[in-house]
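The structure appears below as structure tokens.
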There are 2 protein chains.
Amino acid sequence: MSKPKKRSTRNDPRRERTRRALMDAALELMQEAHSFNAMSLREVAREAGVVPSAFYRHFDDMSALGLALAMESLEAMRAELGVIRHELTEPRLWIEESANAFERYLKEHHQSTHFLLRERYGSNPTLRQAIAQGLALQQSELSTDLARLPLAQHLDNEQIADLSALVVNTVISYAEAALATEQSTQKTALKRRLVTQLRLIFAGAPHWNAVS
Amino acid sequence: MSKPKKRSTRNDPRRERTRRALMDAALELMQEAHSFNAMSLREVAREAGVVPSAFYRHFDDMSALGLALAMESLEAMRAELGVIRHELTEPRLWIEESANAFERYLKEHHQSTHFLLRERYGSNPTLRQAIAQGLALQQSELSTDLARLPLAQHLDNEQIADLSALVVNTVISYAEAALATEQSTQKTALKRRLVTQLRLIFAGAPHWNAVS
DNA sequence: ATTAAAAGAGAACACCTGTTGACTTTAAGC
DNA sequence: GCTTAAAGTCAACAGGTGTTCTCTTTTAAT
């Protein structure tokens with residue numbers, strides 16, 4: 001056969017631009033609506049400065065938009081947490097430093113994080129599953145990194161997994177509270193609390209069996 | 001003046017019945033919709049077996065319905081947690097027993113708990129605030145009860161508050177995960193994890209300052 | 001400069017929504 | 001058993017929604 005050469009793809013600059021505008025619009029509306037499925041396709045198009053029917057040039061569906069946002073947000077988080085986890089060696093130091101790093105991340109990516117945490121148990125099953133999977137991945141990567149630390153040498157795998165889950169839940173609870181307030185005094189109080197709680201958790205690990 | 005006696009109030013049996021039907025319908029729809037503001041007044045009325053305009057005989061608004069649900073759910077939770085907290089004396093025992101009690105509570109009140117946890121950071125500000133206040137109350141009551149325990153004698157007030165917050169967050173994370181799954185094998189795994197995590201937390205409390 | 005694929009605009013559709021007003025029915029209190 | 005306030009029904013409205021279809025504009029590739 002001769003080349004059934006698929007005509008070189010168009011690469012119209014408007015494509016990427018409008019797609020981004022739609023995604024940004026959805027994130028923006030998320031700040032007010034607090035729920036993805038409570039926002040309409042028309043609202044998103046309006047906020048993006050585009051006519052409703054143009055939406056379909058980029059996404060099949062609101063669901064597809066949501067999934068794209070989830071993937072992008074999870075990837076940003078994965079990258080950041082990878083960097084943070086990479087420097088955990090001295091517990092004394094890294095708890096505070098990791099909290100600082102995460103605080104910075106939250107400030108810069110508050111829209112996408114807000115989206116992830118809201119839709120984690122939101123109305124869209126596909127979204128829920130994608131986010132759950134992304135967070136589970138983070139949790140398991142934290143497990144393998146914690147397993148290398150001295151303090152984990154006397155813990156079995158299940159204990160390490162439970163420890164990671166506890167850390168993840170604590171950080172998520174912090175993030176949810178921090179995203180829900182605007183007062184910066186309360187935000188610093190929340191971060192102080194996060195650090196204290198993480199210290200408690202890692203102080204307890206060596207004495208895990210004292211109570212049981 | 002002679003008695004401007006307000007005619008004795010009517011007390012129609014349909015009043016309470018339909019009101020309950022509306023609230024139950026909303027809780028029921030919550031299982032599918034996963035979000036209160038994503039459900040319409042008409043849906044609720046339909047599910048309750050009532051014409052839409054009859055809704056207004058009982059609530060001004062969907063918001064008012066939501067607030068009524070929140071209040072009722074918070075009260076049920078307050079009562080149950082009060083009983084659970086009342087028997088915390090021997091850490092070795094009460095962690096497991098409290099977890100069992102909470103598991104039972106979750107099974108019996110899963111609809112109202114689901115509602116509370118979903119709307120905690122949901123779209124309705126009034127609802128959010130009511131729920132936040134109710135949970136904060138629980139947290140502070142847990143603080144005063146924990147303060148009486150031997151293990152808390154060497155902790156200051158802020159540490160006790162942070163400890164309570166950690167416990168509350170851990171239990172809430174458990175509840176959210178447990179409500180999101182239907183597999184009973186996964187539910188028991190989640191409860192096992194909850195117990196283990198609580199043990200870690202209370203094992204760490206005496207050694208809190210070891211890391212800092 | 002011409003071409004044609006892809007992006008965007010515009011209008012129309014059928015549907016569902018919250019809220020209203022005027023009505024009919026129910027049943028508690030006299 | 002009458003009375004009447006309150007609960008429930010019915011019909012209508014104005015407005016927002018998702019989606020489709022046709023038409024116009026843009027712009028990368030020839």
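Naming: A, B, ... by sequence-line order, numbering from 1 per chain. The analysis underlying the following values was restricted to heavy atoms, covering all of them including side chains, and did not include hydrogens, waters or symmetry mates.
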- Note on the structure: Writing each nucleotide of DNA chain C 5' to 3' as (, ), [, ], | or . by Watson-Crick or G-U pairing under 3.5 Å yields ||||||||||||||||||||||||||||||
- Task: On DNA chain C, check which nucleotide each of Met62(B) and Asp12(A) is closest to and give me the residue with the more 5' one.
- Result: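 On the 5' side of the pair lies Asp12(A).
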If you only use heavy atoms from C-beta on, which nucleotide in [options] is closest to the side chain of [X]?
| X | options | answer |
| --- | --- | --- |
| Arg42(A) | dA7(C), dT19(D), dG10(C) | dT19(D) |
| Ser53(B) | dA28(D), dG18(D), dT9(D) | dT9(D) |
| Asp61(A) | dG18(D), dA7(C), dT19(D) | dT19(D) |
| Ser40(B) | dG8(C), dT17(C), dA7(D) | dT17(C) |
| Ala54(B) | dA7(D), dA7(C), dT9(D) | dT9(D) |
| Leu41(A) | dA7(C), dA28(D), dT19(D) | dT19(D) |
| Pro52(B) | dT19(D), dT9(D), dT19(C) | dT19(C) |

Looking only at side-chain N and O atoms, does [X] come under 4.0 Å of OP1 or OP2 in [N]?
| X | N | value |
| --- | --- | --- |
| Arg14(A) | dA7(C) | no |
| Tyr56(A) | dT20(D) | no |
| Arg57(B) | dG8(D) | no |
| His58(A) | dG8(C) | yes |

- Describe the nucleic acid contact of Glu16(A) in one word from base, sugar-phosphate, nothing, applying a heavy-atom distance below 4.0 Å.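 Contact class for Glu16(A): none.
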- Message: Using a heavy-atom cut-off of 4.0 Å across all strands, would you classify Arg46(B) as base, sugar-phosphate, or nothing?
- Response: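 Contact class for Arg46(B): sugar-phosphate only.
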Please report, rounded to the nearest Å, how far the [atom2] atom of [N] is from the [atom1] atom of [X].
| X | N | atom1 | atom2 | answer |
| --- | --- | --- | --- | --- |
| Leu65(B) | dG18(C) | CG | P | 12 Å |
| Glu43(B) | dC15(C) | CD | P | 17 Å |
| Glu47(A) | dG16(D) | CD | P | 17 Å |
| Arg17(B) | dT26(C) | CZ | P | 12 Å |
| Arg19(A) | dG8(C) | CZ | P | 12 Å |
| Phe59(B) | dA7(D) | CZ | P | 12 Å |
| Arg15(A) | dA5(C) | CZ | P | 16 Å |

- Query: If you take all heavy atoms of Leu127(A) and Phe115(A), which pair is closest and at what distance?
  - Reply: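 The answer is CD2-CZ, 4.0 Å.
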- Task: On the 0 to 90° scale, with breaks at 30° and 60°, tag the Phe102(B)-Tyr174(B) ring pair as parallel, tilted or perpendicular.
- Result: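 Phe102(B) and Tyr174(B): tilted rings.
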- Can you list the steps and then say if His114(A) with His109(A) is a ring pair (Phe, Tyr, Trp, His ring centres under 6.0 Å)? CA-CA 8 Å; His114(A) 183 246; His109(A) 296 74; over 10 Å; no
- Message: A quick test of your reading: do over 12 heavy atoms of other residues, nucleotides or ligands sit less than 6.0 Å from CG of Asp156(A)?
- Response: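 Yes, the 6.0 Å shell around CG holds more than 12 heavy atoms from other groups.
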- Query: Looking at CD of Glu80(A) and CD of Gln138(A), how far apart are the two atoms once the value is rounded to the nearest 0.5 Å?
  - Reply: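 Between atom CD of Glu80(A) and atom CD of Gln138(A) there are 10.5 Å.
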- Task: To the nearest 0.5 Å, tell me how far Asn37(A) CG sits from Asn37(B) CG.
- Result: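 Between Asn37(A) CG and Asn37(B) CG, I get 7.5 Å after rounding to 0.5 Å.
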Distance-only criterion, 3.5 Å: show the donor-acceptor pairs between side-chain atoms of residues 67-77 of chain B and protein atoms not counting sequence neighbours.
unit_1   : atom_1 : unit_2   : atom_2 : d
Glu72(B) : OE1    : Arg20(B) : NH2    : 3.2
Glu72(B) : OE2    : Arg20(B) : NH1    : 2.8
Ser73(B) : OG     : Leu69(B) : O      : 2.7
Glu75(B) : OE1    : Arg78(B) : NE     : 3.2
Glu75(B) : OE2    : Arg78(B) : NH2    : 3.4

- What pairs of residues pass the ring-ring contact (aromatic ring centres under 6.0 Å, His included) test when at least one of them lies in residues 56-87 of chain B, not counting sequence neighbours?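 Listed by first then second residue: Phe55(B)-Phe59(B).
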